[in-house]
> 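I have a structure here, written as structure tokens, and I will follow up with some questions on it.
Quick note: residue numbers are just sequence positions, from 1. Just follow the structure's listing: the first ligand is 1, and inside any ligand the first atom is 1. Here the structure is a predicted model, which means the values were calculated and not measured.
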Amino acid sequence: MHKAMARPWLLPFGLVALLASVAQAAIVEHTFNVGNLSISQLCQPARIITAVNGQLPGPTIKAREGDTVVVHLVNLSPYNMTIHWHGVFQRGTPWADGPAMVTQCPVKPGGNYTYRFNVTDQEGTLWWHAHISFLRATVYGALVIRPRAGAKAYPFPKPHREETVILGEWWNANVYDLERMAFMTAMPAVHADAYTINGKPGDFYNCSDANQTYKFQVRQNERILLRIINAALNTPLFFKVANHSFTVVGADAAYTTPYATDVVAIAPGQTVDALMVAGATAAGGRYYMAASPYDSAVPNGPPFSQTTATAVVEYAGSPSTPPVLPPMPAYNDTATAFRFFSNLTALVLPGKPTVPLAADVHMFVTVGLGVSDCMPDQLLCNRSTTHFSSSMNNASFVLPKSVSMLQAHYAGDDTAAGVYTRDFPDAPPVIFDYTADASDNATMQYTAKSTKVRTLRFNETVEMVLQNTRLIAKESHPMHLHGFNFFVLAQGFGNYDAATAVPKFNLVNPQERNTIAVPTGGWAVIRFVANNPGMWFMHCHFDAHLDLGLAMVFEVQNGPTAETSVPPPPRDLPKC
Ligand code: C2O
């Protein structure tokens with residue numbers, strides 16, 4: 001895209017400002033030493049986790065729009081490793097995206113790999129995480145993209161301070177072993193022992209160590225930009241601060257129309273930027289920030305931790321009185337979650353991409369649970385019965401083992417043919433009453449394992465209806481697309497009905513996202529332009545479901561020029 005088109009607010013300042021801002025594009029360079037960290041949580045004996053630079057969460061990457069980010073990954077851990085830059089478009093750098101076996105083979109223990117990419121045409125809060133096994137439980141951090149220097153600043157009142165708030169999950173267990181056991185036995189992994197805020201569970205767990213509560217120091221009347229990230233593996237969360245409310249100004253690094261609320265709903269993979277004014281006047285000056293689970297499964301899904309993570313927002317000079325706890329929504333409060341998710345709209349800025357008004361490719365894709373037979377490499381799987389599985393359009397996705405999908409794509413059709421097939425369907429194999437209890441039978445639940453992609457021509461516009469099913473359970477699946485943002489045209493409950501939904505499409509200011517929490521027992525309609533050649537994973541951002549096959553891959557073909565084609569792989573690309 002033409003620079004002046006993409007950054008229209010530079011125009012009033014003329015060419016001088018444009019050149020100045022281009023000149024200021026910087027290289028933001030980090031070394032990520034991934035290795036063992038000994039840490040004690042929840043008053044348990046110290047345990048060894050995998051972490052970046054000995055930190056939990058890992059380091060925050062701070063960049064400005066247009067900067068180049070260079071991260072040297074040094075794998076000192078005993079596990080294969082990759083890092084994904086969640087929400088970064090990776091235009092022209094598909095080899096840096098990071099999902100294991102989709103865009104690269106893992107970095108082996110003792111190995112290293114340098115990720116290089118630009119953060120162009122996107123501003124706000126993104127994050128990074130391991131994209132292999134369940135290791136992102138402890139290998140994650142924030143990626144903050146501020147407006148470029150010399151450009152117009154935020155399209156909202158300037159905050160006095162910015163705070164990153166990363167919500168996570170913690171297991172009193174080795175998460176790599178958990179994933180191996182779940183996979184080998186084809187049984188669901190146990191739920192987390194705690195939720196965390198900036199790595200710490202807070203005061204409401206059975207442990208009184210003051211070190212385990214994160215504190216935010218604020219001054220009266222400060223306007224604070226909270227950059228909230230849900231890095232939890234499997235749990236959407238409600239987020240509140242006692243006696244405070246928020247103005248949401250961004251989500252998934254796309255600006256939103258200011259939206260006032262006292263509760264944020266955030267699914268794994270999503271980010272929310274919210275302004276909070278420190279204007280509370282209740283005595284004491286100490287308030288809990290809290291994150292509690294939103295469990296959308298109907299009927300009841302697997303058990304989850306019914307606990308609340310807390311941090312403390314402490315006003316300068318306040319006495320150390322006990323903080324106030326905000327009343328949290330009920331665990332199954334779908335109405336509150338849906339209100340938040342569906343009320344967001346984009347802040348339309350001149351020159352920013354707008355929703356495509358028509359689509360070249362129409363897909364209707366069921367997302368949900370099912371059952372499968374044991375796979376050959378699930379060595380501890382009971383072969384006399386079927387097991388919990390998940391799928392998109394009844395195709396349960398399996399990663400290839402010998403070569404990454406992007407390498408196979410780059411090598412050409414002969415190699416690709418042995419690694420994946422181009423038959424991901426545009427509709428489910430059977431049309432049925434997707435959300436009816438009566439549909440939940442063994443025949444409908446059955447799904448086979450495969451590695452299917454949907455091939456797109458460069459620049460095709462895709463419309464996808466994501467339809468959740470009642471098979472096993474309805475549940476709000478956070479569907480994440482790599483390589484693109486998409487626009488959310490509409491969402492609702494029950495079976496998608498074009499006759500009633502299409503007239504309600506928001507074609508004016510639909511929210512732009514990289515992860516959509518498809519309503520439980522409902523649907524969402526998204527559109528995106530396939531302007532980025534490469535292999536792009538689309539999957540449920542619950543790791544428990546990703547592992548079971550709730551995924552597919554878009555293969556986007558090259559455009560007409562070198563700039564619109566997949567470049568050769570970097571020399572240090574890891575080998576399998
Ligand atoms: Cu944040 Cu494929 O993931």
> Could you pull out the atom name of the N/O/S atom in His541 that is nearest atom 1 (Cu) of ligand 1?
NE2

> Any carboxylate oxygen within less than 4.0 angstrom of a Lys/Arg side-chain nitrogen, looking at Arg457 and Asp360?
no

> Would Ser372 and Ser389 count as a side-chain hydrogen bond (donor to acceptor under 3.5 Å, both in side chains) here? Give the steps.
CA-CA 6 Å; Ser372 293; Ser389 182; 2.7 Å; yes

> Test the Arg91-Phe89 pair against the cation-pi criterion, namely NZ or CZ under 6.0 angstrom from the six-membered ring centroid and within 45° of the ring axis.
yes

> If you stand at atom 2 (Cu) of ligand 1 and look out to NE2 of His482 and NE2 of His131, what angle do those two lines make, to 10°?
110°

> Please report, to 10°, the angle around atom 1 (Cu) of ligand 1 from atom NE2 (His129) across to atom ND1 (His86).
120°

> Using a strict cut-off of less than 4.0 Å between a Lys/Arg side-chain nitrogen and an Asp/Glu carboxylate oxygen, indicate whether Arg227 and Glu162 qualify as a salt bridge.
yes

